[in-house]
Number of protein chains: 2
Amino acid sequence: MPVSIPRTLSWIGDLPGKLRMIDQTRLPAEFLEIDCETVEDVWEAIKSLRVRGAPAIGVSAAYGTVIGVQGEIASSREQFDQKLSAVTDYLASSRPTAVNLFWALERMKQVASSFADAAPEVVAARLLAEARSIDQEDRNMCTAIGQHGLSLMPDEGGVLTHCNAGGLATAGDGTALSVLFAAAAAGKKLHVFADETRPLLQGARLTSWELQQRGVPVTVICDSMAALVMRQKKVQAVITGADRIAANGDAANKVGTYSIAVLAKAHGIPFYVAAPSSTFDRSLPTGDGIPIEERSRDEISHGFGRQTVPDGVDVWNPAFDVTPAELINAIITERGVIEPVTAEAVAAMIGS
Amino acid sequence: MPVSIPRTLSWIGDLPGKLRMIDQTRLPAEFLEIDCETVEDVWEAIKSLRVRGAPAIGVSAAYGTVIGVQGEIASSREQFDQKLSAVTDYLASSRPTAVNLFWALERMKQVASSFADAAPEVVAARLLAEARSIDQEDRNMCTAIGQHGLSLMPDEGGVLTHCNAGGLATAGDGTALSVLFAAAAAGKKLHVFADETRPLLQGARLTSWELQQRGVPVTVICDSMAALVMRQKKVQAVITGADRIAANGDAANKVGTYSIAVLAKAHGIPFYVAAPSSTFDRSLPTGDGIPIEERSRDEISHGFGRQTVPDGVDVWNPAFDVTPAELINAIITERGVIEPVTAEAVAAMIGS
């Protein structure tokens with residue numbers, strides 16, 4: 001029986017409370033939990049990837065909103081609302097690509113709006129309840145994705161994944177990794193190949209750690225080796241998470257995902273995306289409209305604590321890429337599996 | 001007009017002389033030249049990758065042989081020959097898998113054999129002349145590859161390369177990079193995208209440095225970003241070197257090359273290989289017979305001084321992959337361009 005891993009996110013206390021999280025930048029060398037007690041702490045944790053993964057960012061932003069306003073319960077309602085607006089705007093500026101961030105913040109704002117006449121103390125309690133709901137829904141979502149996806153996994157064989165779409169990216173068991181955990185729990189004999197995922201090495205550091213914690217066999221490779229793994233028939237499926245999915249199924253995810261989707265197609269290997277329905281951005285007809293965050297040069301040029309690119313040499317560091325729907329065999333959501341991936345099928349599952 | 005970069009290898013003096021080289025382990029943080037004055041210095045430089053790249057290793061071994069025997073010119077011929085034998089055996093032990101190393105040492109020994117009755121002083125002079133020939137032939141090879149390849153490059157646009165097939169791997173301008181240098185010198189306006197090339201980052205550390213030195217615009221990307229660069233039409237061609245090419249044109253090169261060849265094909269971008277005729281192994285009908293060296297776990301798990309993979313997690317680290325001939329639009333050699341890449345075309349250019 002797999003053991004459960006430490007929780008990625010936990011709310012400590014009631015009101016006031018604080019958000020405890022695993023500092024993912026320290027893994028795998030060190031397991032360290034940090035407590036966010038101010039909204040600046042939460043913003044910094046999201047910005048610097050101490051917490052990452054779209055669902056986990058959403059849950060963090062929800063709790064971060066509570067942290068940001070919990071000192072205002074003795075204020076006037078007007079002051080409270082001004083603070084809430086400032087806090088949510090501030091948190092929204094932490095990671096521009098993560099749609100779950102905006103989605104979670106929107107839910108929090110709507111709670112406040114729907115209690116327009118309540119005292120700040122009451123609203124704060126409702127906001128905490130909403131954050132807890134988002135948290136619990138996320139756990140339930142992970143479990144459901146695992147159950148919906150497990151039949152797509154081979155009974156025996158290799159599966160490639162990229163970045164970390166695991167429990168560390170959510171409040172629960174993860175998205176793509178939840179499918180793998182569910183498949184392993186159902187007795188399937190899987191061997192996972194984890195792309196190390198440059199520049200920040202979430203695959204090497206986090207995915208392999210989670211799989212190891214749960215007793216699922218895993219081999220770490222460099223991103224450039226995925227094609228060779230496919231050619232040697234070491235994997236029979238590819239599964240990743242997503243950060244944002246357009247109405248037609250085009251999916252933004254960690255840079256390098258598009259690469260392995262093209263490679264999977266060239267090798268006749270199915271490519272799956274696992275993501276909650278909250279990842280869909282129905283305002284975007286296609287992935288062309290998804291903004292791609294470009295991150296700092298240092299992540300590539302000094303990524304390992306040592307300089308690896310000469311001073312003055314240009315570096316390009318897009319954090320995401322967009323995989324077109326036609327390269328995705330199925331999208332596994334908590335509501336069910338979208339297959340084939342078309343605008344109509346997305347609308348039928350998610351709404352339009 | 002591009003400036004020339006410091007020479008990878010230079011013979012300083014006559015007899016006695018010494019071998020000056022760029023210490024490539026210090027790049028890009030530091031530009032340092034070291035002088036090898038003993039055969040032990042040369043052995044250590046090859047062993048510890050201060051000099052790397054098959055052609056450059058061959059040239060270093062040839063000069064290293066001269067360094068090893070130049071103190072024996074007052075000895076008897078018998079003593080001189082004993083020393084020569086000991087020196088070449090010793091140098092051969094520095095990188096036991098490097099074919100050019102043995103090839104260069106064999107040429108040096110044959111020179112001594114063909115002057116069987118000459119005095120040590122005369123033989124030493126002939127050995128230095130032979131080392132200079134190997135050096136010069138390598139420079140000529142690089143120049144010829146550049147000239148043959150330049151017409152394949154776009155007049156204006158982007159070119160992607162992987163690993164380091166540059167001057168640092170040869171005594172001259174390199175192979176793939178020689179083509180880029182020649183194209184730039186001919187007035188083509190190229191922008192090079194250099195894959196950083198995990199695990200050892202030769203693209204980030206060495207290729208970008210060479211291009212910077214020569215004034216060719218370059219952007220370093222992670223290997224996983226190559227597909228996105230192609231999709232965004234930032235590159236119009238891909239060019240790499242090769243370590244070994246089978247009789248049908250299947251080409252082994254740094255791991256990740258196969259990946260970008262598949263991606264180039266999927267994006268309708270031509271994929272070129274630049275390599276001297278000595279890279280062809282006509283004893284192998286196809287690339288299936290090329291052994292793939294697997295290197296140590298540490299290169300991935302502790303790549304640059306920091307642990308990035310948890311203890312106990314499996315790592316796979318193949319150093320090379322094989323790109324099938326059908327994915328290669330042309331192979332550029334010092335004799336001319338093989339295009340299309342077929343066994344017949346290889347035989348016509350290289351022999352069979």
Side-chain angles (χ1 to χ4, degrees), chain A residues 27-29 162 193-199 201 204-205 208-209 211-213 217-231 234 254-263 265-267 292 297 300-301 303-318 321-322, chain B residues 27-29 162 193-199 201 204-205 208-209 211-213 217-231 234 254-263 265-267 292 300-318 321-322:
Chain A
L27 290 172
H162 189 74
F193 285 83
D195 281 348
E196 64 171 3
T197 316
R198 281 284 283 154
L201 301 168
R205 295 189 298 110
S208 75
W209 182 79
L211 290 160
Q212 183 186 42
Q213 295 282 320
V218 56
T219 297
V220 172
I221 57 171
C222 294
D223 305 326
S224 61
M225 299 168 188
L228 184 57
V229 164
M230 293 180 191
R231 186 166 174 88
K234 291 184 197 286
K254 178 61 54 197
V255 70
T257 303
Y258 169 62
S259 180
I260 58 171
V262 174
L263 293 168
K265 175 124 182 167
H267 291 86
I292 298 300
R297 179 184 195 280
I300 295 178
S301 67
F304 299 86
R306 190 186 295 183
Q307 181 175 5
T308 58
V309 178
D311 289 335
V313 166
D314 183 48
V315 169
W316 188 47
N317 185 15
D321 56 28
V322 176
Chain B
L27 289 173
H162 190 74
F193 285 83
D195 281 349
E196 63 170 3
T197 316
R198 280 282 284 155
L201 301 168
R205 295 190 298 112
S208 74
W209 182 81
L211 290 159
Q212 182 185 43
Q213 293 287 316
V218 57
T219 298
V220 172
I221 57 170
C222 295
D223 305 327
S224 61
M225 298 167 188
L228 183 58
V229 164
M230 293 180 191
R231 185 166 175 88
K234 291 183 196 288
K254 179 63 55 196
V255 71
T257 304
Y258 168 63
S259 180
I260 58 172
V262 173
L263 293 168
K265 176 124 184 167
H267 291 85
I292 298 300
I300 295 178
S301 68
H302 292 72
F304 283 78
R306 192 183 298 180
Q307 180 175 3
T308 58
V309 179
D311 290 335
V313 165
D314 184 47
V315 169
W316 187 47
N317 185 15
D321 57 29
V322 176

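Keep in mind that what you see is a predicted model, and the values were worked out from it rather than measured. Just so we're on the same page: letters track the sequence lines, and every chain starts at 1.
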Quick check for you: to the nearest 0.5 Å, what is the distance between [X] atom [atom1] and [Y] atom [atom2]?
X        : Y        : atom1 : atom2 : value
B:Leu263 : A:Ile260 : CG    : CD1   : 11.0 Å
B:Ser301 : A:Glu196 : OG    : CD    : 10.0 Å
A:Ser259 : B:Met230 : OG    : CE    : 8.0 Å
B:Leu228 : A:Ile292 : CG    : CD1   : 7.5 Å
B:Cys222 : A:Leu201 : SG    : CG    : 8.5 Å

What closest approach, in Å, do [X] and [Y] show between heavy atoms, and which atom pair accounts for it?
X        : Y        : result
A:Val255 : B:Ser224 : O-OG, 4.0 Å
A:Pro28  : B:Gln307 : CD-O, 4.0 Å
A:Trp316 : B:Lys234 : CH2-CE, 3.6 Å
B:Ala227 : A:Tyr258 : O-CE2, 3.5 Å
A:Gly312 : B:Gln212 : C-NE2, 3.7 Å

Any side-chain heavy atom of A:Asp314 sitting closer than 4.5 Å to one from B:Pro217?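 Side chain of A:Asp314 against side chain of B:Pro217, heavy atoms only: no contact under 4.5 Å found.
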
I'd like to check A:Ile221 versus B:Val315 (side-chain heavy atoms, cut-off strictly below 4.5 Å). Are they in contact?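 Heavy-atom side-chain distance check fails, nothing below 4.5 Å.
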
What part of A:Asp223 lies closer than 4.5 angstrom to a heavy atom of chain B: side chain, backbone, both or neither?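 Just the side chain, heavy atoms under 4.5 Å.
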
With a 4.5 angstrom heavy-atom cut-off, could you sort out which part of A:Asp195 is near chain B: side chain, backbone, both or neither?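 Contact with chain B: none, neither part.
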
I need the residue from A:Pro310, A:Ala204, A:Pro318, A:Gly256 with the largest number of non-hydrogen atom pairs under 4.5 Å to chain B.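 Top count of heavy-atom pairs under 4.5 Å with chain B: A:Pro310.
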
Residue, of A:His162, A:Arg205, A:Arg231, that accumulates the most heavy atom pairs under 4.5 Å with chain B: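 Sorted descending by pairs with chain B, the first entry is A:Arg231.
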
Count the heavy-atom pairs under 4.5 Å between each of B:Ser208, B:Ala29, B:Ala266 and chain A, then report the option with the highest count.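 Sorted descending by pairs with chain A, the first entry is B:Ser208.
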
B:Asp321, B:Thr308, B:Asp311: which one forms the most heavy-atom pairs within less than 4.5 Å of chain A?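 So the answer, after comparing B:Asp321, B:Thr308, B:Asp311, is B:Thr308.
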
Test side-chain contact (heavy atoms from CB on, under 4.5 Å) on A:Ile300 and B:Met225 and set out the steps. CA-CA 12 Å; A:Ile300 295 178; B:Met225 298 167 188; 3.9 Å; yes

Assess the residue pair A:Arg297 and B:Val220 against the criterion (side-chain contact (heavy atoms from CB on, under 4.5 Å)); give the C-alpha distance rounded to whole Å, side-chain angles, the decisive distance to 0.1 Å, and a yes or no. CA-CA 10 Å; A:Arg297 179 184 195 280; B:Val220 172; over 6 Å; no

